[in-house]
Amino acid sequence: MYNTLSRSKEHFKPLNSPHIGMYVCGPTVYGDAHLGHARPAVTFDLVFRYLAHLGFKVRYVRNITDVGHLENDADEGEDKIARKARLEKLEPMEVVHHYTVRYHRNMDQLNVLRPSIEPHASGHVIEQIEMISTLLRKGYAYEVNGSVYFDVERYNGKHHYGVLSGRKVEDLVSNTRELAGQSEKRSSLDFALWKKAEPSHIMRWPSPWSDGFPGWHMECSAMGCKYLGDQFDIHGGGMDLLFPHHEAEIAQSTIANGKAPVRYWMHNNMITINGQKMGKSLGNAMSLDDIFTGTHPLLEKAYSPMTIRFFILMAHYRSTLDFSNEALQAAEKGLRKLLAAADTLKQLTPSEDAVIQGIENILQDCYTAMDDDFNSPMVIANLFEAVRIINSAKDGSLRLNAQELKLMQQLFEDFVSGILGIIPEGAAGDDKLVDGLMQTIIELRQEARQRKDYATSDKIRDNLASLNIEIKDGREGTSWQVK
RNA sequence: GGUCUCGUGGCCGAGUGGCUAGGCAGCGGUCUGCAAAACCGUGUACAGCGGUUCGACUCCGCUCGAGACCUCCA
C-alpha cells in the first residue's frame, strides 16, 4: 500500500498480525453528509472489507466530531455546533444527534459497513485533558489565559514537524501571515490543545485551565491511542487533512506516548465537480441526499447510492475524481450491466465439454490488483472480462465447466458483493410474488408473439417499460430487470 | 510567493521503458417480428518543447495548464 509518510508503496506488515488497527477521520456532524464524506467512507470501507476478507482481524475506528470547532467565516471563535444550535434553537447535542443519524442513514445507503468503534469526541474529553496534561508536564505545551498551545519549535528541535506533508518549519514560518487574535501563541505555527470558551460558547467542559473545549487535533490522538494503542497500523483520511491536522496528530502523540503513532498513513484524493473544486462558495456543493433524489440544479437526474459507490470505486482512491452527469450515467449503465451479469450467473449450468476460460486468472488478477494499493478500477476491469464470459455462456457461444462456474460464483461473491460492496438495489428479483407475476406476464407475452400478435406483445413490453421494468429477449428465453 | 500532486482517445478512468486496461458514447455486423439486451469487429490517446535511450506516453529538464495545502475549521 502507498504510505504518505514515505511517498511510496510499501509492503504492508501489521504490527500484531492477524490484528490490525485502523483509524479514519470521520465527519463533523453539523450538516448533511456530502460527496466529500462519501469518498473517504467508501475508500476505507474497501480497505476494511479487503483486509477482513484476507482473514485479518481489523479494529476499525472512525470518530464523530461533535465538540467545539470554529466556523470558517468571521464568527470569531464561535463553536460551529453552538452556532447552528442557537440558530435553530436546539440543544447542541440534539443537533449532533440529528446529523449523526442522517450520516448513518447515508452510509447505510452506500453500503458502507459500520466501523468497529465510532467514538464521539464529546465522550472523550477526559482522555483529551489527560493527554494535554502529559504534554504540559513534558514541557512541550504552554498555557496562556486558560488556553493551551503546543510548542512546535521545541518539538522541531528533536523531531521533524512536517515529516508527513514534506514541509520545513523554516518555510512555514516565512510563509505564515500574521493574523489578528493569535497573539496568545508564541509562534504562529503552534496549535491549540485547549481553548478557553467565550461566554457565548454553549459547548464547554471544565478543565484545569479553563471552561472550554479541546483543540482541533486532540480528539484523534486521544481516541486513536485509547482504542488502538500508542502505535497502530493504519491512519486514513482525506488529503486535505494532511496538513496541519495529521501533522499535528503526529507531533502531539509522539511526545505524549514517546513514539510515532502511525505506521501507514493513507490519504484519499478529493472530488471535483465538472472539473471544479467542490465548495459552498462555488455553489456546487452537493449533499448525498441531493444526489439520491436528483434535486441539485447541476444534476440532470437522480443517481442511486449504489451508482455513487460504483462510480467512486471506478477511480483509484489517490486520484481526483470528477463528477459530471455524463460520467455518472456511464457508471450507472456499467453498474447495471455488472449486476445483470451477477443475476445471469445464478442461472448458468455447467457443461462437461467446456473449454477452459481462464476464470482462475481473472480471480488471481483481482487479488493482484487489490494487493497493489487497493486498485479497485483494475478489479472492475477484470470483472467486466468475467461479465463478457457470463453473457457469452448464457447465449451459448461459450461453455463453462463445473469447476470454472464455481470459481466464477466465488469471484462475484467475494469481489463484487464482498469486497467492492456492490449489491442490487430495490426489491427486484428477491420477491416470490413479484417473480411469479412476472413469469406469468412473460409467458402471456410469449404466447402472443407466437400468434404473431405483436400489438399485444409490444403493449406488454411498453407498459412494463413505463414501470421501469426492462424485458430482455435472449436466445435462451426472456428475462427481466428493474432499470 | 512556498510545498506537493496531476495533465491519457468524444466523456470518465487504469497502467507500463518496446506487448489489448476497462466503462460509457460512436460506427459496422450477428441475433431479433421490431426494439432493447447480449455478442463480434472497430479508434495513428497519452499537454507542448528539448534531453537520456536501440526504443518513452512511461525517466530527466523547461514551458504552458489544472488542483490541494500553506490561517481558524473539518
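Being a predicted model, the structure only gives us computed values, none of them experimental.
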Indicate the ring-plane relationship of Trp265(A) and His267(A), choosing parallel, tilted or perpendicular according to the 30° and 60° boundaries.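 Trp265(A) vs His267(A) ring planes: parallel.
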Taking atom types as they are modelled, is there a donor-acceptor pair under 3.5 Å from the base of rA35(B) to the side chain of Arg461(A)? yes
Presence of donor-acceptor pair under 3.5 Å, side chain of Arg388(A) and base of rC39(B):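 No, the side chain and the base share no sub-3.5 Å donor-acceptor pair.
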Atom-to-atom span, CD of Glu326(A) to P of rA25(B) - whole angstrom: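 Atom-to-atom, Glu326(A) to rA25(B), this comes out as 11 Å.
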Would Phe311(A) and Phe323(A) count as a close aromatic pair, with their ring centres under 6.0 Å? yes
Step through it carefully: locate the ring centre of Tyr367(A), locate the ring centre of Phe415(A), and say whether they are under 6.0 Å apart.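 Between Phe415(A) and Tyr367(A), which both carry aromatic rings, the centre distance is below 6.0 Å.
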What's the closest nucleotide to the side chain of [X] if the choices are [options]?
| X | options | value |
| --- | --- | --- |
| Pro377(A) | rA21(B), rA36(B), rU3(B) | rA21(B) |
| Asp458(A) | rA36(B), rC69(B), rG33(B) | rG33(B) |
| Ser324(A) | rC11(B), rA38(B), rC70(B) | rC11(B) |
| Arg449(A) | rC69(B), rC34(B), rG13(B) | rC34(B) |
| Phe243(A) | rC4(B), rC11(B), rC70(B) | rC70(B) |
| Ala315(A) | rG22(B), rA14(B), rU3(B) | rA14(B) |
| Lys337(A) | rA36(B), rA14(B), rC24(B) | rC24(B) |
| Ser392(A) | rC39(B), rA36(B), rA14(B) | rC39(B) |
| Asp473(A) | rA36(B), rC12(B), rA25(B) | rA36(B) |
| Asn375(A) | rG15(B), rG13(B), rG33(B) | rG15(B) |

Does [N] have a Watson-Crick or wobble partner in any strand here, with both distances under 3.5 angstrom, and which is it?
| N | answer |
| --- | --- |
| rA14(B) | none |
| rA68(B) | rU3(B) |
| rG55(B) | none |
| rG50(B) | rC60(B) |
| rG9(B) | none |
| rC31(B) | none |

Given that Ala330(A) and Tyr317(A) both sit by RNA chain B, which one's nearest nucleotide is further toward the 5' end?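 The residue whose closest nucleotide sits nearer the 5' end is Tyr317(A).
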Find which nucleotide of RNA chain B each of Lys333(A) and Asn382(A) is nearest to by heavy atoms, and output the residue with the more 5' nucleotide.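 Here Asn382(A) is the residue nearer the 5' end.
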If you look at every strand shown and take non-hydrogen atoms under 4.0 Å, does [X] touch a base, only sugar-phosphate, or nothing?
| X | result |
| --- | --- |
| Thr320(A) | sugar-phosphate |
| Ser457(A) | base |
| Gly237(A) | nothing |
| Ala327(A) | sugar-phosphate |
| Leu321(A) | sugar-phosphate |
| Lys452(A) | nothing |

Any side-chain donor-acceptor pair under 3.5 Å between Thr65(A) and Asn63(A)?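 There is such a pair (donor and acceptor under 3.5 Å, judged by atom type) between the side chains of Thr65(A) and Asn63(A).
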Check whether any side-chain nitrogen or oxygen of [X] sits under 4.0 Å from OP1 or OP2 of [N], and answer yes or no.
| X | N | answer |
| --- | --- | --- |
| Asn269(A) | rU5(B) | no |
| Lys394(A) | rA38(B) | no |
| Arg318(A) | rC6(B) | no |

Could you tell me whether Arg105(A) and Asp289(A) make a salt bridge, using a distance below 4.0 angstrom between a side-chain N and a carboxylate O?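 A salt bridge is present here (some side-chain N lies under 4.0 Å from a carboxylate O).
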Is any side-chain N of the basic residue among Arg309(A) and Glu425(A) closer than 4.0 Å to the acidic one's carboxylate O? no
For Lys472(A), look at atom NZ and say whether over 12 heavy atoms of other residues, nucleotides or ligands are found less than 6.0 Å away.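 Buried by this count: over 12 neighbours within 6.0 Å.
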Determine if Phe384(A) stacks with rG23(B); use a centre-to-centre distance below 5.5 Å and an interplanar angle below 30° as the criteria.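 Taking the rule of under 5.5 Å and under 30°, the ring of Phe384(A) does not stack on rG23(B).
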Say we look at rG67(B) and rG55(B): how far apart would their C1' atoms be, to the nearest angstrom?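 That atom pair is separated by 33 Å.
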